[in-house]
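Some notes on the structure that comes next.
First listed ligand is number 1; within each ligand, the first listed atom is number 1. Atom set for the values below is all heavy atoms of this structure, side chains included, hydrogens, waters and symmetry mates excluded.
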Amino acid sequence: MALLLTPALVRLNAGPADKKAAIADVAALLAEAGFIDPAYGDSMLAREDQANTYLSHGVAIPHGIPKDRHLVKKTGIAVLQVPAGVTWLGEEKARFIVGIAAQNDEHIAVLRRLTRLLGDEARLERLFVTGDVNEIVAALADEAPAAAAPAGGGVDFSVKAEIVLDYPSGLHARPASGWVGTAKRFNAQLRIRHGNEIANAKSMVSLLQLGAEYGARLTVSAEGDDASDAIAALCATIAELSHAEKANAPAGFRPAAGAPPVAALPANRRTGPGPDDPVAAGRALELALRRVERHLARDAASPLTDAVTREVFARRQVYLGHLPLLQRASARLLSGQHVVDAWRDAVGETVQDVAANARSDLQALGEQVLLALKQKPVVTVTCNPAIDLTVTLPALRTGEVNLAADAGRNAGGKGINVAACLADYGLAVTVTGLLGRDNAAVFERFFDDRGLDNRMVGVDGETRINIKLVDEQRRQTTDLNLPSFTVDADAQQALERELDTLAGNAAWVVLSGSLPIGVPAGFYRFITALMHAQGVKVALDTSGEALRASLSGTASAALPDLVKPNRRELEQWAGRALPTLADVVAAAQELQQRGIAQVVVSLGEEGALLVEADLARLALAPALATGSTVGAGDALVAGLIAAQLEGRCGDDALRRAVACASAKLAVVGPALPAQADIDAMAARVEIRRIDLPSSHVAPVHATEE
Ligand SMILES: Nc1ncnc2c1ncn2[C@@H]1O[C@H](COP(=O)(O)OP(=O)(O)O)[C@@H](O)[C@H]1O
Ligand SMILES: O=P(O)(O)OC[C@H]1O[C@](O)(COP(=O)(O)O)[C@@H](O)[C@@H]1O
């Protein structure tokens with residue numbers, strides 16, 4: 001990468017009258033050097049009005065709004081050194097103002113450098129007053145970027161077979177549904193690759209997206225315990241269906257002599273990223289269908305859902321596999337139509353074909369999928385995922401042989417649990433973070449099943465296994481969390497780039513869990529600043545050193561908007577025991593006053609505390625006898641984000657979040673129960689208000705606002 005900062009872009013000893021003048025000065029430096037159109041200066045001012053760009057320790061990073069990136073002519077930064085400081089936010093003064101003009105993701109390196117400098121106060125202090133421009137240039141000189149690591153895994157799985165498609169009409173809905181039927185009988189993940197395009201063999205939409213015509217060369221590959229059987233069965237189905245396809249071929253069809261023709265893409269088919277990239281659009285549709293399918297199935301299965309509603313849900317579900325509908329949607333995607341329009345039009349056309357009394361079901365389903373397609377996703381970040389191995393014991397006895405009553409494993413890790421709960425709640429979710437390549441299949445299958453958009457970055461080695469020992473007698477869970485994989489700088493930087501891209505269209509970013517070996521404790525702090533630079537809100541749920549490093553400083557763009565420690569984590573942060581509720585409130589208030597809008601402390605069976613600027617609220621959940629509470633904290637975080645996105649606030653938001661966490665205890669693994677169960681739990685959650693700073697507790701009504 002070319003050096004972003006040159007001596008000409010540094011102005012020493014500046015004394016702007018106020019923050020606006022400082023931003024104008026730094027924008028002028030960038031404009032004079034030909035990095036930006038002067039209009040980008042207005043964008044920088046507008047950005048500052050939306051959210052402050054003060055990082056901490058006297059450093060601010062004004063930059064423009066992403067939609068104005070076209071006003072950036074080339075990437076660069078400029079520095080205004082203001083030894084006396086200029087008031088930036090409340091009492092905070094900025095002494096080192098770094099204006100950023102970035103066309104792509106080059107600003108990440110600058111931000112990384114800056115967040116490191118923030119940990120080196122002595123050096124920063126020198127930069128605030130130095131008379132040597134080169135000292136500043138050297139301090140911000142960027143590191144060489146790493147080559148982009150591919151997200152997810154490789155292209156084909158290890159067990160594979162090659163086929164040439166000999167269906168006269170290509171891979172259309174009828175045979176594709178046969179392929180899906182066979183593929184779904186196996187646990188293994190099955191991929192079909194056509195050139196550079198990859199389809200999930202268990203998904204009809206995905207298969208139709210391949211646009212595989214007569215003569216297409218396809219690679220079928222599988223991964224999992226039954227991979228070889230799955231490949232054999234799928235190839236047999238493909239061959240069997242060939243007879244029927246040939247028998248039904250249009251009159252006059254004659255396969256070309258010699259090599260069969262290779263499938264051609266429709267002329268208007270584009271393959272770059274963007275909403276009308278048909279492959280990405282097909283994937284988005286498939287994920288939306290998955291989430292709606294699971295949502296309807298869970299709601300239909302809940303004993304709390306009344307019989308009439310259950311019947312309605314069952315009728316709607318039928319249309320999720322309605323071939324003409326899926327075929328129409330796929331054809332429209334292949335012709336380059338935007339996914340939302342393609343789905344809406346496909347539903348509109350299909351409605352004409354179905355019986356009059358079934359139309360409202362199809363339309364309602366169509367609307368539900370449309371809503372799922374239009375949502376901005378919540379992005380969850382799991383740097384240290386885990387396969388949770390839950391072992392249930394009648395009573396745990398250390399130093400003795402214990403016979404397990406039951407055992408089960410599932411894809412886990414804090415952010416992944418949050419993602420699964422959010423998807424169950426009906427929200428669009430993208431999962432990112434780091435995943436060991438050697439045992440990624442269990443996670444990839446899980447993401448597919450739950451309709452989660454998988455943008456995990458692969459790292460060498462295996463994702464850890466965490467053992468959860470559930471003692472039935474004491475109703476206690478003992479966690480044995482194993483060491484993580486080791487992360488190198490390339491993987492970390494690939495994740496940073498992935499997040500920077502995802503931030504452009506994220507509803508919230510949720511940073512969850514511990515950090516693996518190799519990732520520095522300040523990583524979340526850096527990512528938070530990176531997300532805030534794009535105006536996205538950040539929730540944080542971590543522990544120990546990562547929590548401490550994330551919460552240092554005050555009124556900073558590097559502080560999260562919401563933080564969710566449990567009592568033990570809050571004690572670690574505060575450096576003291578917090579035995580009483582008043583102690584917990586005081587520590588949470590300290591955090592809130594640093595500039596975190598919402599501090600939520602989870603208190604296990606005692607419920608949860610929410611501290612905001614003027615008020616604290618305590619939610620008391622009904623005490624529930626439960627074996628394992630693994631994932632309850634993650635369900636609480638999911639509930640907090642879901643409540644925000646539904647526009648709930650105050651008592652109502654906290655009640656909803658705690659209802660999600662408590663209702664979660666009834667289901668095993670990363671999942672939420674049906675809406676009806678969460679609603680029923682919400683009605684049982686009691687909220688008490690606690691005036692701040694004194695601790696006056698006043699009960700309020702227990703129904704939803
Ligand atoms: N035994 C329980 N009964 C009812 N609700 C519970 C119980 N345990 C946990 N919860 C709910 O789950 C939330 C998170 O649980 P907690 O154990 O505090 O989080 P973490 O898993 O992060 O340690 C609590 O705030 C509470 O709402
Ligand atoms: O990221 P950490 O702190 O190492 O914890 C990982 C563990 O936390 C869990 O996400 C459960 O978290 P909670 O019980 O706090 O909700 C497990 O799935 C996982 O094994």
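At least one N/O-N/O distance between G604 and ligand 1 falls below 3.5 Å. The distance criterion of under 3.5 Å between nitrogen or oxygen atoms is met by G631 with respect to ligand 2. The shortest N or O to N or O distance between G412 and ligand 2 is not below 3.5 Å. Annotation: D388 places an N or O atom under 3.5 Å from an N or O atom of ligand 2; distance criterion only. Between N384 and ligand 2, not a single N/O pair is under 3.5 Å apart. For G607, a nitrogen or oxygen atom sits less than 3.5 Å from a nitrogen or oxygen atom of ligand 1, counting backbone and side chain alike. At a 3.5 angstrom cut-off on N or O pairs, N566 counts as close to ligand 1. Any N or O atom pair closer than 3.5 Å counts here, and G633 shares at least one such pair with ligand 1. Close N/O approach between G633 and ligand 2 is found [any backbone or side-chain N/O within under 3.5 Å].
Counting heavy atoms only, A632 comes closest to atom 15 (O) of ligand 1 of the residues S662, A632, S543. Around atom 7 (C) of ligand 2, the closest heavy atom drawn from K468, K564, E569 belongs to K468.
Side-chain contact of Q534 with D500: a donor-acceptor pair under 3.5 Å is present, judged by distance alone. Side chains of D583 and T580: a donor on one and an acceptor on the other come within 3.5 Å. A donor-acceptor contact closer than 3.5 angstrom links the side chains of D677 and S302.
Counting heavy atoms under 4.0 Å from ligand 2, residue S512 does not touch it at all. At a heavy-atom cutoff of 4.0 Å, ligand 1 is contacted by the backbone of L603 but not by its side chain. Residue-level proximity to ligand 2 for D634 is carried by backbone and side chain together, each with a heavy atom below 4.0 angstrom. Contact annotation: for P622 versus ligand 1, heavy atoms closer than 4.0 Å belong to the backbone alone. For K564, every heavy-atom contact with ligand 1 shorter than 4.0 Å involves the side chain, none the backbone.
Between R290 and D449, none of the side-chain N atoms (NZ, or NE/NH1/NH2) sits under 4.0 Å from a carboxylate O, so this pair counts as no salt bridge. Between D424 and R450, at least one side-chain N (NZ, or NE/NH1/NH2) sits under 4.0 Å from a carboxylate O, which counts as a salt bridge. At a threshold of 4.0 Å, the pair E286-R283 counts as salt-bridged, since one of the basic side-chain nitrogens sits closer than that to a carboxylate oxygen. We find that E223 and R191 are not joined by a salt bridge, their nearest charged nitrogen and carboxylate oxygen being 4.0 Å or further apart. Checked for salt-bridge contact, E590 and R576 meet the test: a charged N lies under 4.0 Å from a carboxylate O.
With L570 as the partner, the side-chain contact (heavy atoms from CB on, under 4.5 Å) test is satisfied by one option alone out of L609, L547, L603, V584: V584.
Annotation for ligand 1: atoms under 4.0 Å from non-hydrogen atoms of V658 are 27 (O). Residue contact check: S602 has heavy atoms under 4.0 Å from atoms 14 (C), 16 (P), 18 (O), 19 (O), 22 (O), 25 (O) of ligand 1. Those atoms of ligand 2 that come under 4.0 Å of a heavy atom in V630, given as number and element, are 11 (C), 14 (O). Atoms of ligand 1 lying under 4.0 Å from at least one heavy atom of A608, given by number and element, are 25 (O). Close contacts between ligand 2 and A632 involve ligand atoms 16 (O) [criterion: under 4.0 Å to a heavy atom]. Short contacts between ligand 2 and R464, defined as distances under 4.0 Å to a heavy atom of the residue, involve ligand atoms 1 (O), 2 (P), 4 (O), 6 (C). Less than 4.0 angstrom separates some heavy atom of S514 from each of these atoms of ligand 2: 1 (O), 2 (P), 3 (O), 4 (O).
Contact annotation: K664 has no heavy atom less than 4.0 Å from any atom of ligand 2.
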